[in-house]
There are 2 protein chains.
Amino acid sequence: MIEIRSLKVAGKVTLKHIADELGVSAMTVSRALNNSGSVQGKTQERILETARQMGYRPNHIAKSLVSRRTYTLGVVIPEISHSFFPEVIRGIEQVVYDKGYQIILAHSSEDAVREQEVVEMLLSKRVDGIMISCSQNTEDASFFENIAKTDTRIVFFDRCIEDIGISCIGVNDRNAAYKITEHLINLGKRRIAHLKGSGKVSITKNRLLGFEEALHQNRVNTFSELIIESGFQEKGGYEAMKILLDLPTHKRPDAVFAVNDPVAFGAMEAINEAGLRIPEDMALVGFSDDIRSPLMSVPLTTIHQPAYDIGTKAASKLIRLIENDKELQEKVMLISTLKVRESCGANQ
Amino acid sequence: MIEIRSLKVAGKVTLKHIADELGVSAMTVSRALNNSGSVQGKTQERILETARQMGYRPNHIAKSLVSRRTYTLGVVIPEISHSFFPEVIRGIEQVVYDKGYQIILAHSSEDAVREQEVVEMLLSKRVDGIMISCSQNTEDASFFENIAKTDTRIVFFDRCIEDIGISCIGVNDRNAAYKITEHLINLGKRRIAHLKGSGKVSITKNRLLGFEEALHQNRVNTFSELIIESGFQEKGGYEAMKILLDLPTHKRPDAVFAVNDPVAFGAMEAINEAGLRIPEDMALVGFSDDIRSPLMSVPLTTIHQPAYDIGTKAASKLIRLIENDKELQEKVMLISTLKVRESCGANQ
DNA sequence: TTGTATGCGTTATCAA
DNA sequence: TTGATAACGCATACAA
């Protein structure tokens with residue numbers, strides 16, 4: 001039983017305090033606490049016990065200053081209220097926790113300016129790495145290229161900037177978009193619209209590409225007035241759909257492929273308001289398999305993305321990049337699956 | 001135009017580097033960068049320009065070591081896949097971003113052991129404060145009391161430990177539970193079950209209290225075999241409901257009040273599997289107004305909680321506690337509202 | 001207005 | 001096995 005002379009309030013006890021308490025040096029305490037092996041058994045025991053009693057908590061700030069490692073990763077997401085992202089975070093959390101890291105969660109609110117600000121902040125906090133899914137108006141690739149040149153590792157997930165040598169974890173967007181568009185074609189649709197994303201991010205480009213390719217390969221006409229930019233949020237989907245609905249009746253689409261499910265929900269609302277039925281008057285499909293999609297009054301046909309796995313893959317990739325200098329950048333495309341429900345008209 | 005002799009890769013530039021570059025002292029650079037006012041206009045300009053060109057990024061780790069402030073808050077949630085929590089986080093994010101703080105997100109996965117571990121880690125990272133919603137088996141109040149004694153501020157939200165002098169931001173659970181139970185009584189229900197939460201957290205206790213009180217005040221019998229612990233997750237709701245369904249037919253409840261919506265979803269599944277209809281054979285209500293609740297095939301009657309506001313209030317309270325020594329602990333009860341949908345049988 | 005010394009809490013390094 | 005010293009990057013306090 002060791003009596004502590006100066007009982008400190010937890011949270012402010014330092015190595016020095018423990019050292020003074022026991023009449024040893026701070027270094028010895030450090031070594032004992034870190035189990036370096038070079039401390040006498042008896043001394044180590046006394047130190048451990050005293051540290052416990054004094055409520056010692058290592059100061060990771062000081063540790064980080066010395067080690068230049070924070071064991072903290074930044075995660076930047078554009079919109080936490082899309083169910084896809086919390087699920088990705090669950091996956092990330094699982095991996096980083098096991099590996100002894102923490103995450104700082106930052107939210108860009110679909111705004112590139114705010115995105116850069118939060119990334120700068122993460123960099124100032126000296127996170128060991130960053131996982132990011134870009135905002136809808138992210139354009140400045142050089143911003144990320146410059147970061148990639150530093151010793152801060154970075155990995156994109158879902159919404160990537162491609163071809164700048166930074167890892168990207170997502171699904172095969174192009175192929176999936178192709179498949180779901182072809183599904184509409186097989187259902188007899190011939191005037192197919194696309195509510196496209198924004199900016200230069202991968203999913204905007206690749207989902208559009210897959211869409212166009214499917215039309216082309218199946219000799220279905222492409223109508224440029226049926227490709228409307230909607231961004232990635234419900235509101236944008238609603239507004240983009242309004243534009244399509246304002247077309248003369250014979251020019252209206254018979255099917256709509258939305259870049260993601262929230263956009264499809266917005267479109268759904270506009271279609272309902274116009275008094276049209278889904279899928280009879282207009283088929284509608286999305287992408288991402290939002291938690292609400294199977295529950296809508298007309299369940300939404302969509303592409304299921306393995307969000308949790310995207311999270312685990314992104315996190316393990318990032319940690320490997322941090323911990324292993326020889327680890328290479330890579331593009332990981334997980335398997336997505338077509339979820340046929342009712343909004344496409346297949347199950348009538 | 002200033003020529004930089006030693007172009008550093010961004011992220012590793014220090015005050016000293018900039019100072020050497022310009023032949024001034026590090027302190028002058030520090031002052032210039034912090035706009036302390038005591039630097040000559042010309043010098044300051046040169047410093048700012050050089051810092052920009054060299055890609056200087058302040059090292060918040062070092063700053064924090066000196067200032068003992070990290071401008072980082074820990075947020076501990078039990079289950080990120082309940083839509084309530086991401087919405088709370090959105091609210092928190094909004095406030096902390098405006099005030100210049102960051103958040104470290106930690107996930108206890110409904111496990112008290114993990115909860116303590118992540119809190120210890122947050123403390124080691126010297127967060128300025130912690131917002132926490134307890135796990136379902138959190139029991140150790142003294143753990144939090146001890147933290148409250150230190151200079152790390154702490155605030156509970158939604159799931160609190162009460163009466164230990166720590167702020168709690170939530171809704172009036174007891175009153176809301178009373179109201180929704182009385183609603184069932186007014187609908188003629190007389191054998192009402194409660195799927196109760198777990199542990200010592202506020203919502204378990206208060207929702208049960210409100211439930212019992214409503215029965216009592218309205219002279220409706222309480223049946224102890226109809227109060228089953230379910231925890232807070234869907235699975236627990238499913239299993240608890242199975243127990244009720246195994247009761248002899250005449251002893252089964254005619255209505256069920258679940259401690260939250262995920263539990264109600266689990267119960268819903270069990271009821272469906274048993275071939276019973278909601279609400280005809282058994283009414284069902286929840287609490288929290290999950291994003292899925294209005295979309296279920298039988299939309300769920302529930303209590304709506306202002307999740308976003310709970311987040312903003314919790315964050316502003318915490319920041320005030322951090323920044324103002326005279327700020328007092330308080331219990332904030334926001335307004336919740338009864339959302340009558342179809343699962344209770346009112347809209348038939 | 002600018003610079004020097006010192007300390008924040010920890011660890012690497014070298015010496016004893 | 002233990003200790004003294006310096007360093008991590010910055011800011012406070014004081015001196016010039």
Side-chain angles (χ1 to χ4, degrees), chain A residues 8-48 51 54-72 123-128 150-152, chain B residues 8-48 51 54-72 123-128 150-152:
Chain A
K8 283 279 184 176
V9 169
K12 317 197 66 177
V13 183
T14 70
L15 295 182
K16 188 82 178 34
H17 294 138
I18 301 173
D20 290 350
E21 192 65 37
L22 296 170
V24 297
S25 76
M27 259 324 291
T28 302
V29 178
S30 170
R31 284 191 267 249
L33 258 18
N34 289 308
N35 218 347
S36 81
S38 62
V39 178
Q40 233 177 16
K42 264 224 166 105
T43 314
Q44 173 146 6
E45 273 174 38
R46 283 171 60 224
I47 292 174
L48 260 38
M54 294 179 76
Y56 173 75
R57 256 188 278 268
N59 185 329
H60 281 4
I61 295 289
K63 270 191 209 255
S64 293
L65 189 60
V66 175
S67 68
R68 291 136 183 283
R69 299 271 277 109
T70 55
Y71 286 92
T72 305
L123 260 13
S124 278
K125 295 227 164 160
R126 295 298 190 264
V127 294
D128 296 335
T150 72
D151 50 5
T152 304
Chain B
K8 282 280 183 174
V9 169
K12 317 197 65 175
V13 184
T14 70
L15 295 183
K16 188 80 177 37
H17 294 137
I18 301 174
D20 290 349
E21 192 64 37
L22 296 170
V24 298
S25 76
M27 260 323 291
T28 302
V29 178
S30 170
R31 286 191 266 249
L33 258 19
N34 289 310
N35 220 346
S36 81
S38 61
V39 179
Q40 232 178 16
K42 264 218 165 111
T43 314
Q44 174 147 8
E45 274 173 37
R46 283 171 59 222
I47 291 174
L48 260 37
M54 293 179 76
Y56 173 76
R57 255 187 279 268
N59 184 330
H60 281 3
I61 294 290
K63 271 192 208 251
S64 292
L65 189 59
V66 175
S67 67
R68 290 134 183 282
R69 298 272 275 110
T70 55
Y71 286 92
T72 304
L123 260 14
S124 278
K125 294 230 162 156
R126 294 298 189 264
V127 294
D128 296 336
T150 71
D151 51 3
T152 304

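Letters A, B, ... are given to chains in the order of the sequence lines, protein chains preceding strands, and every chain is numbered from 1.
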Problem - 5′-ward residue of the pair B:Gly41/A:Asn59 relative to DNA chain C - result: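 Nearest nucleotide further toward 5': that of B:Gly41.
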Practice task
Nearest-nucleotide wise, let me know which of B:Ser25 and B:Leu65 is further upstream toward the 5' end of DNA chain C.
Solution key: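 Counting from the 5' end, the first nearest nucleotide belongs to B:Ser25.
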Between [X] ([atom1]) and [N] ([atom2]), how many Å, whole number?
X	N	atom1	atom2	value
B:Ile61	C:dT10	CD1	C1'	13 Å
A:Arg69	C:dT11	CZ	C1'	15 Å
B:Arg126	C:dG9	CZ	P	8 Å
B:His17	D:dA7	NE2	P	14 Å
B:Arg57	D:dC10	CZ	C1'	17 Å
A:Lys16	D:dA4	NZ	C1'	12 Å
A:Ile47	D:dG3	CD1	C1'	12 Å

Once you apply a heavy-atom cut-off of 4.0 Å, does [X] come out as touching a base, just sugar-phosphate, or nothing?
X	answer
A:Thr28	sugar-phosphate
B:Thr43	sugar-phosphate
A:Thr14	sugar-phosphate

Exercise for the section: Produce a footprint string for nucleotides 11-16 of chain D: one letter per nucleotide, 5' end first; B if the base is under 4.0 Å from any protein heavy atom, S if only the sugar-phosphate is, - if neither. Expected result: BB----
Problem - B:Leu33 side chain near B:Leu15 side chain, heavy-atom distance below 4.5 Å - result: yes
Problem - Side chain proximity check, B:Ser30 to B:Asn34, heavy atoms < 4.5 angstrom - result: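 A side-chain contact exists here, since the closest heavy-atom pair is under 4.5 Å.
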Side chain [X], main chain [Y], donor-acceptor under 3.5 Å:
X	Y	result
B:Asn59	B:Ile61	yes
A:Arg126	A:Leu123	yes
A:Ser64	A:His60	yes
B:Asp128	B:Arg69	no

Problem - Audit row: A:Thr70, A:Lys63, side chain to side chain contact (heavy atoms under 4.5 Å, CB included) steps and yes/no - result: CA-CA 8 Å; A:Thr70 55; A:Lys63 270 191 209 255; over 6 Å; no
